[in-house]
Amino acid sequence: MTAARQPNRLATETSLYLRQHATNPVDWYPWGPEALARARELDRPIFLSVGYSACHWCHVMEHESFEDEATAALLNEHFVCVKVDREERPDLDTIYMTALQVMTREGGGWPLSVFLAPDLKPFFAGTYYPPDDRYAAQGRPGFKKLLLGIHNAWLTQRDRVHEIGTSVVGDLQRMGALGDADGPVAPELLAGALAALRRSYDPRFGGFGSQPKFPHALELKLLLRLSDRFNDPVALDMVKHTLTTMARGGIYDQLGGGFARYSVDAKWLVPHFEKMLYDNALLASALAEAYQRTGDPFFRQIGRETLDYVVREMWAEGGAFFSTQDADSEGEEGKFYVWSLDELRAVLGDEDAEFACKVWGATRGGNFEGHNILFRTLSDADEAKAHGTSEEAFRARLRAVKDTLYAARAKRVWPGRDEKILTAWNGLMIAAFAQFGMATGGEDAPRAAVAADHILRTMRTADGRLYRTAGVGQPPKLSGYLEDYAILADALVTLYEATFEVKWLRAALELAESMLKHFADPNGPGFFFTADDHEELIARTKDLHDGSTPSGNAVAVTVLLRLAALTGRRDLAEPAERTLRGYRETMAEHPAASGQMLIALDFHLGPVQQVAIAGPTHDKETRRATEAVRAAFGPRRVVALHDPASGPPPAELAALFEGKEARGGAVTVYVCENFACRAPLTGAEAIESAFGAANRTK
C-alpha cells in the first residue's frame with residue numbers, strides 16, 4: 001500500500017485550484033519571491049502552469065501528468081514548477097496568455113503551460129499536453145517528451161531562448177499603447193457593431209458563431225441598447241431569441257437554475273458543466289434589462305431562478321459570493337446533473353416520470369453519453385396545451401416535479417465549489433441583485449447591500465485600497481486590479497440607485513478616485529491592469545478587449561461617466577472620454593470583443609437622462625414613483641433621490657438637486673438631458689404614466 005504523500009507548499013493557499021495540487025509529487029511553488037529566487041539560484045527555467053478549479057482539462061492534465069511519478073521527477077529535476085490560479089492572478093494569466101498568442105498565433109485556453117527563463121521572459125507556451133504522443137499529429141507532443149526537449153534547448157540553445165523571450169516581451173510592452181485620444185467618437189461605431197453582431201448571429205439557435213457557444217451576455221446587453229437607440233426590432237429579437245433558447249437548453253440548469261459556462265454544441269444542449277459566478281451575474285443583469293425592455297415575464301422568471309440558485313448554492317456565510325462550481329464530480333464531467341430513464345422513474349414514479357420525459361426530452365438512449373441532460377423545446381403555454389391542461393396547473397405540476405428531482409439530486413456527490421471570494425466577481429453579482437430588484441420591484445437590493453458591506457469591510461486596507469481575494473476563514477491578500485476597482489465602484493453606483501443610500505455613492509467615488517490615482521496612464525489614454533505600486537512584471541499592460549468578464553478599462557469608463565452624470569464632476573468625465581477615444585480602433589475592428597466599451601460609448605453619446613426625485617422618503621407616493629422610474633428601461637439614465645425635509649442634499653448631489661423641490665410637498669421628478677430640464681412631473685400617477693408601460697416595447 002502506497003504511503004500518503006506529504007502536502008506541498010500549496011496546501012495552505014486560499015485557492016481551491018492550488019490546494020487541489022497539494023498532494024502532487026511535483027514540487028510546486030505558488031507564485032512569489034521564493035519560487036523566483038529558486039529559479040535564479042539553480043539557473044533553471046520556470047514551468048508556469050495556470051488554470052482554475054472548475055477547468056476540466058486542468059483536472060485531466062493533473063491526473064495524467066502531475067500525479068505521475070515519472071513526469072514529476074522530470075519536472076522536479078529540470079524546472080522550478082509554479083502553480084497559478086488565473087482567477088486570483090489575472091495579471092499573470094493575461095500576460096502569459098497573451099505571450100502564448102504572440103508565439104503561436106492561436107487563441108489559447110486552460111490549462112496554460114508556459115516555460116519562462118528566471119528573468120520571467122517566456123520562451124515556449126502551450127495549453128494541455130497529453131502524457132504520450134497520441135495527439136502529436138495535432139502539434140501536441142507527449143508532455144515528458146516536451147519537457148526533455150525544453151531542458152535540452154535550455155542547455156544548448158540559451159541564446160535562442162533569450163532572443164525569443166526578449167522579442168515576446170517587446171511585443172507585450174507595445175500592446176499597452178492605445179490609439180489617438182484626440183477627435184470625437186461617433187455613433188457610426190455603434191452602427192458598425194450592430195452590423196457585425198448581425199453577421200455573426202445564429203438565427204436558428206440564437207447566440208453568436210457555431211460551437212462551442214458562449215453566452216456573450218455583454219453583447220446581449222449591447223444589443224438591447226442598440227435596439228433602443230436605432231429603433232431596431234431585429235436587434236431586440238436577437239436578444240429575445242438567444243435568452244429564450246439558452247434558458248430552455250442544457251446550458252441552463254433546468255432543476256436548480258443558473259447557467260453553465262458555455263455549450264459545446266451550437267444549440268445550447270450540452271454544457272461544459274462548470275458554473276461561474278460572473279456568468280450568472282452578467283446573465284441575470286441581461287435578463288433584468290430584457291424584462292425592462294419587453295415586459296416578458298419569462299425573462300423575469302429565469303432571472304429570479306438564477307439569483308435564487310446563487311443564494312442557495314454560492315452564498316458565503318457572512319455576506320459574499322463564492323466563485324465557481326466544478327464540472328466534475330466523482331471524476332466524471334456532468335455526473336451530478338444528468339439522468340437515466342431508470343433514475344427518473346425511481347425518483348418520480350411512472351406517471352410523473354413520463355411527464356418529466358415529455359417536458360425535458362429524456363429518452364432511454366439519452367443525449368449525453370447514455371444519460372439525459374434536461375432541456376426544454378416548448379414554452380409553458382405550449383406545454384400546457386400539449387398536456388391538455390391550464391398553464392397554472394402545468395406550472396404547479398412542473399414545480400412539484402422539479403422540487404422532487406432537485407431533492408434527489410442534492411443527495412448525490414456534489415461538484416467541488418471554489419470558496420474563494422473575488423472582489424470583482426462579487427461586484428458583478430452585487431450589481432446583478434441591485435439591478436434585478438429595480439427591474440422587478442423585488443427585494444433583491446438588501447442582499448446586494450449585505451455583500452457590498454462585507455466587501456468594503458473585509459477586502460480593503462486601512463487606507464482604502466482593495467484586496468483581490470480571500471479564502472473562507474483566511475485574511476484577504478493580493479493587491480486589487482483595475483477590474484476590482486472599476487467593477488465594484490460601478491456596482492456601488494447601481495446599489496445607490498436601488499436604495500438611494502448615499503453611503504454607496506460615496507464609496508463608489510472613493511474607489512473611482514483611487515483608480516484614477518493608481519491605474520490611469522499619465523502619458524496617454526486608458527488604465528493599466530495593475531496599480532502603479534504593483535509587483536514589477538515583464539510588462540504593464542492594458543486590457544484591450546472583454547474576456548470572460550468585462551474589460552477593466554471599459555468598466556472604468558462606464559462608472560466614471562455615470563458618476564460624472566450624477567455629480568457634475570468634469571474631472572471624472574474627462575479621463576473616461578479620453579479613454580473612449582483611445583479605444584476607437586479597437587471598437588471598430590473588434591466589436592464582438594468590445595461589448596462593455598461600446599455600452600460605455602452608447603452612454604457617452606447619450607442623451608443621458610439625469611433623473612432627480614424630490615420627495616418625502618418614506619411616503620407611499622414617493623415609493624410608487626421611484627419604483628416606476630427604476631422599472632423602466634433606461635440604459636442612458638442616472639437616478640437620485642433627495643428628501644427636502646431632511647435638509648440640503650448631500651454635497652455629492654448638490655449640483656443635480658439645485659433648485660429642485662418637492663412641489664406642494666408631493667413627490668416631484670425632474671428629468672434633464674442635454675443641459676435642459678423638462679417640466680417637472682408631480683405626483684406618483686403622473687410619474688408612473690411617464691415611466692411606466694409606455695417605456696416597454698414588446
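Computed from a predicted model, the values in this text were never measured in an experiment.
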Exercise for the section: Sequence neighbours left out, what passes side chain to side chain contact (heavy atoms under 4.5 Å, CB included) with E64? Give chain and number order. Expected result: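 Scan of E64 (side chain to side chain contact (heavy atoms under 4.5 Å, CB included), adjacent residues dropped) gives V60, Y128, P131, R134.
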Exercise for the section: Only one of L224, T245, T294 passes side chain to side chain contact (heavy atoms under 4.5 Å, CB included) with K240; say which it is. Expected result: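 Of the listed residues L224, T245, T294, the side chain to side chain contact (heavy atoms under 4.5 Å, CB included) partner of K240 is T294.
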Handout entry: side chain to side chain contact (heavy atoms under 4.5 Å, CB included) partner of D85, chosen from K83, E87, R89
Key =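 Single pass found, and it is E87.
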Is it true that [X] and [Y] make a salt bridge, defined as a side-chain N closer than 4.0 Å to a carboxylate O?
X: R225; Y: D232; answer: no
X: R293; Y: E289; answer: no
X: R457; Y: D453; answer: yes
X: D418; Y: K420; answer: yes
X: E343; Y: R409; answer: no
X: R399; Y: D403; answer: yes
X: R19; Y: E13; answer: no
X: D279; Y: R261; answer: no
X: R468; Y: E88; answer: no
X: D380; Y: K385; answer: no

Exercise for the section: Flag the pair Y17 / Y52 as yes when their ring centroid distance falls below 6.0 Å, and as no otherwise. Expected result: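 For Y17 and Y52, the ring centres are not under 6.0 Å apart.
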Exercise for the section: Would you confirm whether the ring centroid of Y262 sits within less than 6.0 angstrom of the ring centroid of F214? Expected result: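 Yes, the ring of F214 comes within the 6.0 Å limit of the ring of Y262, centre to centre.
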Between the side chains of [X] and [Y], is a donor N or O closer than 3.5 angstrom to an acceptor N or O?
X: K221; Y: S285; value: yes
X: D326; Y: H56; value: no
X: E313; Y: Q325; value: yes

Quick check with a 6.0 Å cut-off and a 45 degree axis cone: is [X] positioned over the face of [Y]'s six-membered ring?
X: R312; Y: Y406; answer: yes
X: R248; Y: W268; answer: no
X: K275; Y: Y309; answer: yes

Exercise for the section: Check each of F273, F375, W339 against F368 using the ring pair (Phe, Tyr, Trp, His ring centres under 6.0 Å) test, and report the only one that passes. Expected result: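 Running ring pair (Phe, Tyr, Trp, His ring centres under 6.0 Å) over F273, F375, W339 with F368 returns exactly one hit, F273.
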Handout entry: Sequence-distant partners of E330, salt bridge (charged side-chain N to carboxylate O under 4.0 Å, His left out), two or more places apart
Key =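 Counting only residues at least two positions away or on another chain, E330 forms a salt bridge (charged side-chain N to carboxylate O under 4.0 Å, His left out) with K335.
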Exercise for the section: Dump the intermediate steps for ring-ring contact (aromatic ring centres under 6.0 Å, His included) on W425 and F321, then the final yes or no. Expected result: CA-CA 8 Å; W425 295 15; F321 302 100; over 10 Å; no
Acceptor/donor pairs from residues 348-356 side chains to any protein atom, 3.5 angstrom cut, sequence neighbours excluded:
| from | atom 1 | to | atom 2 | distance (Å) |
| --- | --- | --- | --- | --- |
| D352 | OD1 | R397 | NE | 3.3 |
| D352 | OD1 | R397 | NH2 | 2.9 |

